[in-house]
Amino acid sequence: MNTGLRKVVIGFALASTSIATGVIGFMILENYSFTEAIFMTAITISTVGYREARPLSEGGMIFTSGYIMLNLGVFAYIVTFLARYIFEGELRNQYQHYSNKKALRKMKNHIIVCGYGRNGSKAVAELKKSNQTCVVIDNRSEVEEELSKTVRAFVIGDASDEQVLLEAGLDSAKSIIIALPNDANNVYITLSARELNPEIQIISRATSELTLKKLYKAGADTVIMPDSLGGKHMAQLITKPAVIHFLNMLEGVEGIFNVEQVKQEDLKPEYQNKSIEDLDIRKDTGVSVLAYQSTQGAFQINPPASTILQPGGNIIILGSQEEVNRFQKRYLH
């Protein structure tokens, strides 16, 4: 239980204790009935100055005086805290925590991103752009507010803890991106993820060739070395500037063109099991078919028009955002 909610519980416990004290005190000292004791307790706490149920004895007056002073403090504390709890965002935070827990319980076939640093945040942004559902795990409480606005669900905790991975829905996730800056943690999380969900796709970050090999042995499907890619990219800006400029336009740095993967199963029924020529994609939408991936995973660059899209196959298309949108509207479910 967090501090804010604990204070609310304490406040209501104090109020309940105060009411019980008043009822019992009036019943014992003044021989009031339960109803009369409730009435006296209510008018004393509220300080409305209404008439007594029956005239008080000297002992009753002393008790009532002390009881009034006690309740001034108790209810001042409760009112002050409740006002702060509601108006300073504590209530909103509690609701966000509840909504987050509820969303986590419903997660299926989602993507888990471990680490919301430089690489992890970019991965989340790209996943959101593709309408993919993701859950972020990060151990820094200071990113909680940002995550609540960015993703549907998140877990503040150590991703190397198996319980935290399970809380993020690892057993029902389809993929996990491990983007922590520490290679040892990435290897350990990879081992845990593969053990907890043998079918999950694991993509991990590495900073050295030695770690790369360990990650593959631990069960990673793909290992990315951002530092190596960055250095290679900078060198190619000198050796192959036109190529890099074109690649930057493929929704990378400049974002002029989009490259999309389209599964055969995502096509409308009338467009499945047909050839690229029959689909006439370029004429109808303006996008170009760059490649075809067969059911065995092999790629065919610039596939011939006679290529038939088989179940389990993918086509890679290239076009502007407007052209891709036109393709999706016409050809996809």
Side-chain angles (χ1 to χ4, degrees), residues 93 95-183 185-190 192-194 196-197 199-207 215 220-230 233 247-248 250-255 257-261 321 324-325 328:
N93 292 339
Y95 177 75
Q96 286 177 346
H97 280 295
Y98 169 77
S99 299
N100 185 55
K101 293 288 185 183
K102 187 176 180 181
L104 283 171
R105 288 194 294 268
K106 293 182 177 179
M107 288 292 178
K108 300 287 182 185
N109 295 319
H110 56 288
I111 300 164
I112 298 173
V113 178
C114 299
Y116 194 66
R118 184 175 65 247
N119 294 294
S121 59
K122 289 180 179 178
V124 169
E126 186 64 28
L127 290 169
K128 285 188 66 180
K129 194 184 298 182
S130 301
N131 295 318
Q132 296 287 332
T133 303
C134 61
V135 175
V136 175
I137 301 175
D138 197 284
N139 62 358
R140 297 169 299 157
S141 58
E142 58 265 29
V143 301
E144 184 172 349
E145 184 175 353
E146 182 180 350
L147 289 175
S148 68
K149 299 174 183 176
T150 306
V151 294
R152 283 181 57 191
F154 59 90
V155 178
I156 300 298
D158 185 355
S160 61
D161 185 338
E162 292 187 359
Q163 207 54 45
V164 171
L165 291 173
L166 291 173
E167 186 179 347
L170 182 76
D171 52 346
S172 59
K174 65 178 180 180
S175 306
I176 182 170
I177 296 174
I178 306 170
L180 298 180
N182 185 288
D183 280 357
N185 285 341
N186 291 341
V187 172
Y188 185 81
I189 295 168
T190 299
S192 298
R194 181 58 69 204
L196 294 170
N197 186 347
E199 304 301 320
I200 197 170
Q201 178 190 24
I202 301 176
I203 301 169
S204 183
R205 171 190 174 181
T207 59
L215 283 164
D221 296 291
T222 306
V223 180
I224 304 296
M225 299 181 66
D227 295 339
S228 175
L229 290 175
H233 184 88
L247 292 176
N248 285 344
L250 302 183
E251 206 177 13
V253 177
E254 299 171 20
F257 298 119
N258 286 359
V259 177
E260 299 287 345
Q261 170 187 321
Q321 184 63 60
V324 170
N325 290 342
Q328 292 172 338

**Item:** Over 12 foreign heavy atoms within 6.0 Å of CD, E142
**Value:** yes
**Request:** Could you check if a side-chain atom of R140 sits within less than 4.5 angstrom of a side-chain atom of Y116, using non-hydrogen atoms only?
**Result:** yes
**Request:** Drop me the distance from E162's CD to E167's CD, to the nearest 0.5 angstrom.
**Result:** 14.0 Å
**Prompt:** Shortest non-hydrogen contact from A206 to L215?
**Reply:** CB-CD1, 3.7 Å
**Message:** For the CD atom of E144 and the CG atom of D138, what is their distance to the nearest 0.5 Å?
**Reply:** 10.5 Å
**N186 CG to S204 OG distance, which is reported to the nearest 0.5 Å** = 4.0 Å
**Prompt:** Which pairs count as salt bridge (charged side-chain N to carboxylate O under 4.0 Å, His left out) when at least one residue sits in residues 102-111, sequence neighbours excluded?
**Reply:** none
**Prompt:** Are side-chain heavy atoms of K174 and Q132 found at a separation under 4.5 Å?
**Reply:** yes
**Message:** Quick check: do F154 and I137 have side-chain heavy atoms less than 4.5 Å from each other?
**Reply:** no
**Item:** Sub-4.5 Å side-chain heavy-atom contact between L196 and D171
**Value:** no
**Any donor-acceptor pair under 3.5 Å from R194 side chain to I200 backbone** = yes
**Message:** Please report the interatomic distance CD1(I112) to CG(N197), rounded to the nearest 0.5 Å.
**Reply:** 8.5 Å
**Prompt:** If you measure only the distance, is there a donor-acceptor pair under 3.5 Å linking the side chains of N185 and S160?
**Reply:** no
**Message:** Checking V124 against V136 for the side-chain contact (heavy atoms from CB on, under 4.5 Å) test, could you report, in this order, the C-alpha distance in whole Å, the side-chain angles of both residues, the deciding distance, and whether it holds?
**Reply:** CA-CA 8 Å; V124 169; V136 175; 3.7 Å; yes
**Prompt:** How close do A168 and H110 get, heavy atom to heavy atom, and via which atoms?
**Reply:** O-NE2, 2.9 Å
**Request:** Drop me the distance from I111's CD1 to I203's CD1, to the nearest 0.5 angstrom.
**Result:** 8.0 Å
**Request:** Would you please say whether a donor-acceptor pair under 3.5 Å links the side chains of Q201 and D221?
**Result:** no
**Prompt:** Do N119 and K122 have side-chain heavy atoms sitting under 4.5 Å apart?
**Reply:** no
**Asked** Should K149 and E145 count as an ion pair when the cut-off is N to O under 4.0 Å?
**Response** yes
**Message:** If I compare all heavy atoms of L165 with all of C114, which pair ends up nearest, and what's the gap?
**Reply:** CD2-SG, 4.3 Å
**Asked** R205 versus D183: any side-chain heavy-atom pair under 4.5 Å?
**Response** no
**Asked** What do you reckon, is CZ of R152 surrounded by more than 12 foreign heavy atoms closer than 6.0 Å?
**Response** no
**Complete:** In short, A220 meets T190 closest at the heavy-atom pair N-CG2, 3.5 Å
**Message:** Testing the basics here: between V113 and G120, what is the closest heavy-atom pair and its distance to 0.1 Å?
**Reply:** CG1-O, 3.9 Å
**Asked** Measuring from N139:CG to D158:CG, what's the distance to the nearest 0.5 Å?
**Response** 6.0 Å
**Request:** Grab the two heavy atoms, one from M107 and one from S172, that are nearest each other, plus how far apart they are.
**Result:** O-OG, 3.1 Å
